[in-house]
Every structure is written in structure tokens, then in C-alpha cells.
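See structure below.
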Amino acid sequence: MKNIYSNIFSFNKKILGKSIKILKKGNLVGLPTETVYGLAGNAYLKKSINKIYKLKKRTSKNPLIVHYLKYEDANEDIDFNDDFFKLYKKFCPGPITFILKKKKDSKINNNVTAKLDTVAVRFPSHKVVRAILKKLDFPLAMPSANMSKKVSPVDAVSVAEEFKKKLKFIINGGKSKIGIESTVIDLTDKPKILRPGIISHKQLKKVLKKKVNYVNKNSKIKSPGMLTKHYSPGIPVYINQKTVKKDHAFISFGKNFKRDKNTFNLSKNSNLKEAASNLYAIFRKIKNLKYKKIYVAKIPNKGIGIAINDRLRRASD
Ligand code: TXA
Ligand code: MG
């Protein structure tokens with residue numbers, strides 16, 4: 001398929017070479033991952049990191065995730081522990097981010113971690129980002145490729161529309177299969193989920209064989225970006241709704257809803273995984289259709305539903 005924006009490129013050997021060049025120079029590229037698209041830069045280079053914060057209009061107090069091909073590449077930057085290795089073995093590469101202690105002589109730029117002594121680490125599974133990481137001798141700092149506090153993009157066109165001409169190079173890797181951001185788990189002390197995702201509390205508990213907590217909303221701010229308003233489609237969102245007026249959009253789930261023009265179904269079969277993968281794409285579609293408000297049906301609060309409700313709650317705050 002032809003790319004409709006001149007800054008979107010299909011992946012091939014030439015484009016791989018070009019993206020390596022751009023990253024080595026300290027510039028940014030938009031990259032597909034299995035969760036959502038990311039805005040990537042050299043995690044060791046201050047210049048690249050500052051560009052990421054600036055382009056996203058993100059506060060420098062909200063740290064970035066560092067992406068590696070495999071844990072061996074991170075040995076000099078990060079202090080790994082037993083809990084990490086258990087989860088790594090089971091879920092990596094894949095949609096999970098670990099908060100771990102940063103090593104004293106780590107090369108990760110201080111601005112990546114907002115000067116904290118911990119780092120968020122992820123090993124993505126998407127073949128495009130893996131092919132790129134394989135060719136680099138530095139890891140990639142990569143937040144979701146959206147303006148701060150807005151909805152994460154799940155395709156290359158959404159990234160192009162987010163940053164317009166300010167981002168010169170985006171690789172098209174198809175639609176992100178998972179569709180919501182990685183599960184973030186803090187392993188610096190007793191395991192704690194900071195951001196729910198596709199990898200669920202139950203799966204984590206089973207592998208770690210110990211209690212796993214959700215971060216307590218009233219506890220000291222562990223992750224600055226977790227508490228402010230996030231994932232906003234830019235119009236008001238109302239959750240746990242049963243009906244909607246004709247001129248507003250309704251996001252439904254399951255079979256028991258009318259199929260009106262203004263209704264967008266997350267999953268007709270009430271499949272939560274499918275619902276998660278459709279959520280952000282539907283948010284964007286509704287916004288592009290110029291609806292002024294979004295009403296959302298109640299989503300079961302179990303398994304992946306916990307991650308979906310987390311995003312909906314933040315979008316509606
Ligand atoms: O799926 C994903 O994780 C995507 C793809 C592109 O990899 N990335 C992503 O990055 O969602 P971002 O920057 O949008 O979200 C990272 C979250 C933020 O809420 C941030 O506050 C938190 O991780 N975080 C980063 N470093 C942290 C740290 N040292 N301690 C606690 N939280 C941290
Ligand atoms: Mg984000």
C-alpha cells in the first residue's frame with residue numbers, strides 16, 4: 001500500500017539503513033511496536049532526549065522507557081534481580097516494562113530518567129524495532145508517539161498527523177497488534193503494577209509466585225506520568241454509560257447495543273483483548289468525525305478489562 005504522507009516509509013533494507021543513520025546523528029524516528037507506536041531517540045545522548053521532550057511537549061519530570069534488544073545489552077546500565085529474570089524468561093520480548101535500579105556508571109542520560117535512580121526498561125517484540133536495535137550500539141528511549149497527555153497512536157498515519165512536519169521519518173509497520181501501552185511493573189521493592197496492560201496481574205502473580213500490588217493512588221508519586229490526566233482524545237469522555245444522544249458518539253462492548261451510525265463497537269464478541277486493540281483507533285476515528293462528546297458502555301473490570309478501564313478513567317478525568 002502506498003504511504004499517503006511523504007514522511008512515512010515502508011520497511012526494507014534501505015529504510016533500515018536510513019533510520020540507523022538518523023538515530024546515530026541524534027535525530028528522532030517514529031517506530032512501530034507491538035503495543036503502540038513510539039518516538040525513538042538515542043537513550044545515551046542528551047541532545048536526542050531533549051528533542052523527544054520538546055516534540056511531545058512533555059514535562060521533563062516524566063521519565064521515558066529505555067528499549068533494548070535483550071537484557072545482556074543492558075547489563076552495564078541496569079541492576080537486574082531475580083523477579084526480573086523470572087518475568088523476562090516468560091514474557092520477553094513483549095509488552096512489559098520493568099522499573100529497576102540504575103547502575104552508578106550507567107550510560108543512560110539523566111534526562112531519560114528525570115534524574116531518578118531507577119529506569120524503566122522494555123524489550124519490544126515488533127520485528128521492525130528489533131531489526132533496528134540489532135544494528136545500534138545504544139538503546140532507544142521511546143515514549144508513545146503522541147503529544148503529551150493525548151491518545152497513543154497505533155498506526156503510522158496517526159503518528160504523522162500527531163507531529164505533522166516536525167517529525168521527518170516514520171516507519172510503517174502496520175497496526176500495532178496489542179493497541180494499548182505495555183504493563184509497567186516496579187521491581188525495585190515488592191512487585192507493584194504501576195500501569196496495567198495486556199499482561200495481567202494474574203499472569204504476573206503466577207510467575208513471581210508472590211503477592212503483586214497495584215500502586216496505591218494515595219501513595220507517594222512513584223511515576224510522575226501516572227497521575228496526571230492522560231490518554232485524552234481531546235473531547236469529553238463519559239464512562240459507564242447505557243445510552244447516548246444521537247449527536248454524540250457511543251463506544252459499545254458486546255452484542256446488546258443498537259448499531260447506529262454513531263455507535264462504535266470495541267468487540268461484538270465481548271473479547272477484551274480485541275477491545276483493547278480497538279480502543280485508541282476508535283477514539284481517533286470519533287475525533288476525526290468531529291463528534292463533540294464520547295459516551296462509553298461499562299467494560300467488565302477483570303483481566304485486560306482492568307487496563308482498558310484504567311485508560312478510560314484517565315481519558316475521562
Ligand atoms: O508500550 C509502551 O510502553 C510504549 C511503547 C512505545 O514502548 N511506550 C510508552 O512510553 O508507553 P510512555 O513514555 O508513553 O509511558 C511510560 C510510562 C510513563 O507513565 C512514565 O511515567 C513511566 O512509564 N516511567 C518511566 N520511567 C519510570 C521510572 N523510572 N519510574 C516510574 N515510572 C516510570
Ligand atoms: Mg505515553
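Values below: all heavy atoms of this structure, side chains included; hydrogens, waters and symmetry mates excluded. Counting convention: from 1, in listed order, for ligands and their atoms alike.
Heavy-atom proximity to Ser182, at under 4.0 Å, picks out these atoms of ligand 1: 1 (O), 2 (C), 3 (O). In summary, the atoms of ligand 1 found under 4.0 Å from a heavy atom of Gly38, numbered by their order in the structure, are 6 (C). Every atom of ligand 1 is numbered from 1 in the order shown, and the set under 4.0 Å from a heavy atom of Pro143 is 10 (O), 12 (P), 13 (O). Of all atoms in ligand 1, numbered sequentially from 1 with element shown, those under 4.0 Å from a heavy atom of Glu181 are 1 (O), 11 (O). Near Ile65, with a cut-off below 4.0 Å to any heavy atom, the atoms of ligand 1 are 3 (O), 8 (N), 9 (C), 10 (O), 16 (C). Applying the 4.0 Å criterion to heavy atoms of Asn62 picks out, from ligand 1, the atoms 18 (C), 20 (C), 21 (O). Close contacts between ligand 1 and Ser144 involve ligand atoms 8 (N), 9 (C), 10 (O), 12 (P), 14 (O) [criterion: under 4.0 Å to a heavy atom].
We find the CZ-CG distance between Phe85 and Leu187 to be 11.5 Å, quoted to the nearest 0.5 Å.
Taking 2.8 Å as the threshold, Asn146 does not count as a candidate ligand of the Mg ion (ligand 2), since none of its N, O or S atoms lies below it.
Taking only non-hydrogen atoms, the option from His67, Met142, Glu34, Lys101 nearest to atom 7 (O) of ligand 1 is His67.
Checked against the 6.0 Å centroid threshold, Phe250 and Tyr295 do not count as a close aromatic pair.
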Q: Any chance you could lay out the side chain to side chain contact (heavy atoms under 4.5 Å, CB included) test for Ile78 and Tyr68, step after step, and finish with the verdict?
A: CA-CA 11 Å; Ile78 316 274; Tyr68 295 88; 4.2 Å; yes
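Cluster membership for Phe283 and Ile178, using ILVMFWY side-chain heavy atoms within less than 4.5 angstrom, is shared.
At a 4.0 Å heavy-atom cut-off, ligand 1 does not touch Lys56 at all. Counting heavy atoms closer than 4.0 Å to ligand 1, residue Ile99 contributes side-chain atoms (C-beta onward) but none from N, CA, C or O.
If you check the side chains of Ser152 and Glu181, you find a donor sitting under 3.5 Å from an acceptor.
Classification of the Tyr214-His201 ring pair by plane angle, with boundaries at 30° and 60°, yields parallel.
Where the criterion is an N or O separation shorter than 3.5 Å, residue side chain and backbone included, Arg195 meets it with respect to ligand 1. Distances between N or O atoms of Thr33 and those of ligand 1 include no value under 3.5 Å.
Panel note: side chain Asn269, backbone Asn271; no donor-acceptor pair is recorded below 3.5 Å. For Tyr88 (side chain) and Asp83 (main-chain N/O), no donor-acceptor pair under 3.5 Å exists by modelled atom type.
Proximity of Ile185 to Leu208: side-chain heavy atoms (C-beta onward) are separated by under 4.5 Å at one or more points.
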